[in-house]
Amino acid sequence: MPENGLERISILIEFNVLQKISEVREQVSKWKSEGLSVGLVPTMGGLHNGHKSLIKSASKSCDRVIVSIFINPTQFGDEEDLDKYPKTQESDCLLINDAGGSAAFIPNVLEMYPIGFATKVSVSGLTNILCGASRPGHFDGVTQIVAKLLNQVSADRAFFGEKDWQQLTVIRRLVRDLDISTKIISVATVRDEFGLALSSRNSYLDSSQLNIARKLSSILQMSAYNIASGGYSSVECAQAAQILLESGFEKIDYLECRNSHSLDLIERTTEDECRIFAAVYINNVRLIDNHVVV
Ligand code: PAF
């Protein structure tokens, strides 16, 4: 039984908050025995309209939707923002309910990583480029927790946002390689009116930093357009990086054009779909985005 604020919320809106893996399994078996399909939306909380769109997509295609909220410590590096990651479970539950979610799964760290936990889950190749190059071990943490969640929930479908395109690609490979039967569904990035991809990390920016952040998407789009029109991606990306720095971004972690599926570097467009990927910093806040090259 959930405690404090969460208990209040679950009574107030008759919302199902589960904290134990056994409760999730029991709930999902019950739904399945009634012939209902089940969707899973894995999150780390701090829910915003981007998550809302994932939950809405899930509730359109599944009869019941579980949203997990777990700030997974194993995907954060030592220097990263684990401690300041937003913790907003009560408003998260209201948003889930509002978006058509049926239950939240909010386990604690010991439930997910009991004493003696020793298993690693790692997808090689796709994980040592882009975000994986500057966040060593990050994707091992992601695949570890996502593999666990997919096993715990046994959903028919699990929903992930396209903003984290590399994560999505890595998870698709994980599911294929380990024969996990949950189908992975991608959902388009939700942007504000200026094109800024919604992210929990946007809340760390003040208004002048937000104005800078809002330039990212259009600069990437321009570059994607130039590459699609025959430009060399190394040249276009170097030019876009320069424009980003002149626009007030502090540091560029990467800005690259890659095949959307293999994530191989692309110099000129081919028949295969490719995307432009960026990770940039404003005041130590790391933002990522990507755009398809068409
Ligand atoms: O994208 C996220 O919020 C996280 O990486 C995920 C998939 C919930 C795993 O912790």
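Read the numbers this way: they start at 1 and go in the same order the structure lists the ligands and their atoms. Computed from a predicted model, the values in this text were never measured in an experiment.
- On a distance-only criterion, Gln75 and ligand 1 share at least one N/O pair closer than 3.5 Å.
- Near Ile145, the atoms of ligand 1 lying under 4.0 angstrom from a non-hydrogen atom of the residue are 9 (C), 10 (O).
- Remark: of the listed residues Lys163, Gln221, Arg191, Arg191 is the sole one forming a side-chain hydrogen bond (donor to acceptor under 3.5 Å, both in side chains) with Asp289.
- Shortest contact from atom 3 (O) of ligand 1 to any protein heavy atom: Met44 CG, 3.8 Å.
- In Thr43, the part holding a heavy atom less than 4.0 Å from any atom of ligand 1 is the backbone.
- For Glu250, the salt bridge (Lys or Arg N to Asp or Glu O under 4.0 Å) test picks out no residue, with sequence neighbours left out.
- Rounding to the nearest 0.5 angstrom, the gap separating the CZ atom in Phe76 from the CG atom in Asp83 is 9.5 Å.
- Shown here are the salt bridge (Lys or Arg N to Asp or Glu O under 4.0 Å) partners of Arg286, two or more places apart in sequence or in another chain: Asp253.
- Atoms of ligand 1 lying under 4.0 Å from at least one heavy atom of Pro42, given by number and element, are 8 (C).
- Residue contacts with ligand 1: Gln167 is placed with a nitrogen or oxygen under 3.5 Å of a nitrogen or oxygen of the ligand (distance criterion only).
- No salt bridge links Lys32 with Glu34; every basic N to acidic carboxylate O contact stays at or beyond 4.0 Å.
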